[in-house]
Amino acid sequence: MTTTAEPRFDIRKDRDSTWEIFDTTNGRTVLVSGEPCRDLALNRASTLAAYMNSASMVFDVETLH
């Protein structure tokens with residue numbers, strides 16, 4: 001039996017028509033280079049979150065808030 005781990009990064013709606021990427025382990029918005037990954041179009045947020053998960057990215061404490 002194999003189990004699939006939940007992705008580390010996912011997206012959620014942050015405003016009427018924009019999305020943000022968040023860390024599923026703590027629920028916080030992801031920061032990249034000190035900037036929050038929010039106010040993104042759905043396709044961009046989805047693509048970036050998928051890339052972050054496929055690359056098994058692990059951010060520093062300063063990158064996640």
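Residues Trp19 and Ile11 come closest through the heavy atom pair CE3-CD1, 4.1 Å. For Pro7 against Asn53, the heavy-atom pair with the smallest separation is CB-ND2, 3.5 Å. Heavy-atom minimum distance, Thr29 versus Pro36: CG2-CB, 4.0 Å. Scanning all heavy atoms of the two residues, the minimum distance from Phe9 to Ile21 falls at CB-CG2, 4.1 Å.
Thr47 pairs by the side-chain contact (heavy atoms from CB on, under 4.5 Å) definition with nothing, not counting sequence neighbours. Under the rule for a side-chain contact (heavy atoms from CB on, under 4.5 Å), the partners of Asp14 that lie at least two apart in sequence or sit in another chain are Thr18, Glu20, Arg38, Asp39.
Atom CZ of Arg44 has 12 or fewer neighbouring heavy atoms from other residues, nucleotides or ligands inside a 6.0 Å radius.
A chain of hydrophobic side-chain contacts below 4.5 Å, direct or via other Ile, Leu, Val, Met, Phe, Trp or Tyr residues, connects Leu42 to Met52.
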